[in-house]
Q: 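Here's a structure for you.
Quantities reported herein were computed from a predicted structural model and do not represent experimental measurements. Each chain gets a letter, A, B and so on, in the order the sequences are listed, and its residues count up from 1. Both backbone and side-chain heavy atoms feed into the values below; hydrogens, waters and symmetry mates do not.
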4 protein chains.
Amino acid sequence: MDTDQPAKIGAQHLPLRDQVLAALRKGIISGDYPPGERLTEDRLAEDFGVSRNPVREALRVAEAEGFVVILPRRGAVVASPSSATIHDIFAVRERLEPLAARLAAERATPGDVTSLRAVLEQARLATEAQDLRRVGELNSALHLQILGISGNPWLASIAKALYLHVQWVFQMTAKVRAPHSWDEHIKLVDAIGSGDGELAETVALEHVGAASAAAHETAGRA
Amino acid sequence: MDTDQPAKIGAQHLPLRDQVLAALRKGIISGDYPPGERLTEDRLAEDFGVSRNPVREALRVAEAEGFVVILPRRGAVVASPSSATIHDIFAVRERLEPLAARLAAERATPGDVTSLRAVLEQARLATEAQDLRRVGELNSALHLQILGISGNPWLASIAKALYLHVQWVFQMTAKVRAPHSWDEHIKLVDAIGSGDGELAETVALEHVGAASAAAHETAGRA
Amino acid sequence: MDTDQPAKIGAQHLPLRDQVLAALRKGIISGDYPPGERLTEDRLAEDFGVSRNPVREALRVAEAEGFVVILPRRGAVVASPSSATIHDIFAVRERLEPLAARLAAERATPGDVTSLRAVLEQARLATEAQDLRRVGELNSALHLQILGISGNPWLASIAKALYLHVQWVFQMTAKVRAPHSWDEHIKLVDAIGSGDGELAETVALEHVGAASAAAHETAGRA
Amino acid sequence: MDTDQPAKIGAQHLPLRDQVLAALRKGIISGDYPPGERLTEDRLAEDFGVSRNPVREALRVAEAEGFVVILPRRGAVVASPSSATIHDIFAVRERLEPLAARLAAERATPGDVTSLRAVLEQARLATEAQDLRRVGELNSALHLQILGISGNPWLASIAKALYLHVQWVFQMTAKVRAPHSWDEHIKLVDAIGSGDGELAETVALEHVGAASAAAHETAGRA
DNA sequence: GTGGTCTAGACCACT
DNA sequence: GTGGTCTAGACCACC
């Protein structure tokens with residue numbers, strides 16, 4: 001995915017705290033840091049090879065994002081999404097993703113639609129190759145791209161956070177509903193491409209509903 | 001709702017960073033730190049009488065909440081909500097507050113409703129006394145309480161952040177649409193009290209629509 | 001080449017100056033900054049998206065490494081290796097690479113040898129695939145690996161600098177002697193694997209001699 | 001070779017960073033900044049009466065030369081040559097000084113030889129006067145002059161760096177092998193004067209071997 | 001004693 | 001020269 005001529009050095013040189021945050025999110029979502037696990041600052045600092053200060057700053061943001069719970073003077077613990085959490089998250093997603101789809105349909109340029117269709121095509125190939133991991137990545141990429149097209153950064157930021165949590169839960173339950181979701185995705189992109197906001201919103205609502213149902217089937221612990 | 005006897009000392013002893021964060025939010029919303037203002041760590045540390053580390057941690061969270069913008073190696077700046085931002089925020093609120101009202105209607109206990117009506121009554125008295133500041137506070141209190149009753153912490157947390165930003169913008173434009181909003185509030189509480197989720201959602205949608213219109217009239221600058 | 005579990009964040013988070021230095025070296029060797037080109041600090045700062053300070057520090061080191069020439073109060077210019085320079089460099093390489101080969105032969109563990117042979121195999125595949133760029137990279141990788149095995153950091157550091165310059169000259173003359181060099185490399189690795197320092201030194205000397213001859217044929221300008 | 005009348009002011013006015021670098025090298029070699037000592041930028045800036053910027057640039061070059069070790073985000077420390085380091089350095093010198101002697105023999109003009117003999121004579125006088133410090137300086141001057149005569153700037157630059165480090169180690173161990181080395185020096189100059197490269201190389205090799213042995217006797221600590 | 005919290009100080013980069 | 005960033009170390013609450 002890297003361009004040959006990398007972006008300017010200054011722009012890609014992120015502070016340690018940001019890299020720590022990304023690594024921490026990844027570690028949590030991947031299950032390396034399982035729910036309920038205590039996250040002592042010293043341990044994380046050692047894991048990442050940095051001092052405790054950037055770890056602390058990353059933990060504050062991770063808390064704001066809902067990945068960890070911090071108890072004052074007690075330390076941080078990986079959050080434990082329950083089935084209730086999943087229910088809550090989907091309740092919000094059911095409202096926001098249709099909005100995103102509508103806005104995207106109203107604002108999408110031909111280039112945007114081409115880009116979305118490219119993701120669909122890649123997903124088709126990955127599905128044929130049975131590369132489930134890649135399918136999952138493309139699933140995320142598609143939704144994130146739609147959020148970007150919506151042109152509402154607040155919506156995008158909130159929905160992205162929700163989306164990451166859903167991925168996390170899926171990861172925990174070791175189930176992916178990849179098999180049957182791409183038909184819905186194609187319909188969604190078609191609707192966005194048509195420019196019909198009302199239609200896009202309807203399709204998105206159905207899609208979230210299906211995802212929600214699948215999630216609730218597989219959830220139910222911790 | 002607070003007991004006269006304050007809660008346990010340990011529970012009310014918040015870390016400095018949390019107090020700094022609260023003070024920072026308040027300072028930004030109140031306009032003491034106007035949009036575009038540079039927030040050097042040293043200055044904030046001095047303002048709050050702490051060292052730079054708790055200031056840094058508070059800034060990270062304030063960034064995640066959208067109150068400040070942090071540019072790597074350049075420092076923090078108070079965010080500058082534009083009229084586009086207001087539009088974006090209301091677009092999301094229009095989806096989430098009706099959801100909150102519906103959930104609240106479906107879950108509200110009689111005690112919850114009594115509590116909501118108490119706020120309405122206090123607001124009526126404050127309006128008669130022309131205590132506009134108090135009216136504003138009660139406005140916030142009402143909406144936050146509804147969010148709490150909804151029982152969806154994700155929804156509550158997101159909507160609260162949006163709500164704070166709306167307050168901020170109102171503060172900036174120095175206009176409050178307090179005069180005519182309480183009629184709507186009464187209708188909203190009635191709907192919640194009735195337990196009719198569908199009705200509550202409809203009333204909430206109208207309310208947000210009115211607020212949105214008022215906000216867009218008064219907004220329109222960096 | 002990246003491992004799945006990346007190295008600790010702290011270890012791979014280099015200062016901007018180091019990244020600038022690496023980019024500058026790469027730009028010079030690749031010919032993007034041709035010999036004789038003036039390198040104003042402002043321009044480099046813009047090219048890399050950083051401020052002038054890290055650029056200045058990178059330039060000092062690049063000067064110490066012989067890639068640029070800095071004239072006091074006049075600025076930096078990309079160095080212009082002449083055929084005399086090539087001659088000088090090879091005169092030194094003829095003494096140091098045999099030494100490196102001898103030391104490597106005396107110190108190589110079985111694992112070291114396996115690693116060297118892996119590079120040879122990759123090079124064979126890349127040669128078959130006619131991926132000349134990859135062949136060049138593996139060529140460098142092999143020699144650098146031998147230097148590392150030698151266990152003499154001074155030798156490694158000096159020889160590496162010489163090696164980079166030779167690559168630069170090859171790049172300038174747009175000639176690569178890749179075709180016939182891998183036979184020699186195989187002999188060299190065999191000698192190192194045998195543990196016979198004397199033999200390794202002899203083979204290395206022949207190898208450098210061949211490279212030197214090839215370089216002198218293709219050089220002769222700028 | 002310097003004229004009595006100093007060169008033009010512009011040419012002799014070196015940038016501050018170069019003067020700082022020279023002073024830093026001198027301070028390290030002389031033991032004023034002992035191995036392992038932390039070199040904070042502020043302290044050096046104060047010591048030399050300059051701002052931190054030229055200090056930083058000098059430190060980068062000093063690192064490239066092996067006098068200091070810089071740990072990212074940790075600062076600079078004076079390098080600590082161990083006996084292993086000494087061994088490594090001499091292993092390289094054994095290859096490069098004979099080469100320098102051979103090249104010098106092949107290229108030396110009568111004037112060059114006269115100049116070398118003048119150094120020998122001064123050294124004889126200084127030895128008689130028991131001015132050991134002067135003897136040491138002349139020792140260095142002789143070897144540096146031979147490197148210059150070799151006509152290979154790469155060789156000269158590399159060998160000079162090695163030579164400075166050897167001096168440093170001798171300084172640290174407070175031992176100088178001055179007593180018996182001048183006989184060897186005379187033989188070396190004779191060989192160079194004869195124009196017989198093979199002979200010069202042989203003599204130089206013996207000389208480095210003797211120096212190496214002496215160094216290893218006196219070394220043996222961090 | 002472990003570990004969260006905060007301060008002091010220094011490196012690093014921008015202006 | 002100012003200011004962002006990170007590290008080292010001290011304080012102090014909890015187990």
Q: Among all residues two or more places apart in sequence or in another chain, which pass the side chain to side chain donor-acceptor pair (under 3.5 Å) test with Arg73(D)?
A: none
Q: Show every donor-acceptor pair shorter than 3.5 Å between a side-chain atom in residues 14-29 of chain B and any protein atom, with sequence neighbours excluded, or say none if there are none.
A:
residue  : atom : partner  : partner atom : Å
Gln19(B) : NE2  : Leu14(B) : O            : 3.1
Arg25(B) : NH1  : Glu65(B) : OE1          : 2.8
Arg25(B) : NH1  : Glu65(B) : OE2          : 2.6

Q: Which whole-number value in Å describes the distance from Gln12(A) CD to dA13(E) P?
A: 14 Å
Q: Can you measure Asp18(B) atom CG to dG4(E) atom P for me and round it to whole angstrom units?
A: 15 Å
Q: For DNA chain E, report each stem as range with range, ordered by first number, or say none. Use Watson-Crick or G-U wobble pairs under 3.5 Å, at least 3 in a row.
A: E:1-14 with F:1-14
Q: If a pair satisfies ring-ring contact (aromatic ring centres under 6.0 Å, His included) and one of its residues is in residues 48-77 of chain C, list it, with sequence neighbours excluded.
A: Phe67(C)-His165(C), Phe67(C)-Trp168(C)
Q: With sequence neighbours excluded, what pairs up with Glu46(D) under the salt bridge (charged side-chain N to carboxylate O under 4.0 Å, His left out) test?
A: none
Q: Under the rule for side chain to side chain donor-acceptor pair (under 3.5 Å), what residues qualify as partners of Asp42(C), not counting sequence neighbours?
A: none
Q: Under the rule for side chain to side chain donor-acceptor pair (under 3.5 Å), what residues qualify as partners of Glu63(C), not counting sequence neighbours?
A: none
Q: In whole Å, what is the span from the CZ atom of Phe48(C) to the C1' atom of dC14(E)?
A: 18 Å
Q: Restricting to salt bridge (charged side-chain N to carboxylate O under 4.0 Å, His left out), what partner residues turn up for Asp47(D), sequence neighbours left out?
A: Arg43(D)
Q: Keeping Asn152(A) on the side-chain end and Asp88(B) on the backbone end, is there a donor-acceptor pair under 3.5 Å?
A: yes
Q: Quick one, give me the B/S/- string for nucleotides 6-11 of chain E, reading 5' to 3', where B means a protein heavy atom under 4.0 Å from the base and S means that only happens at the primed atoms, P, OP1 or OP2.
A: SB--BB
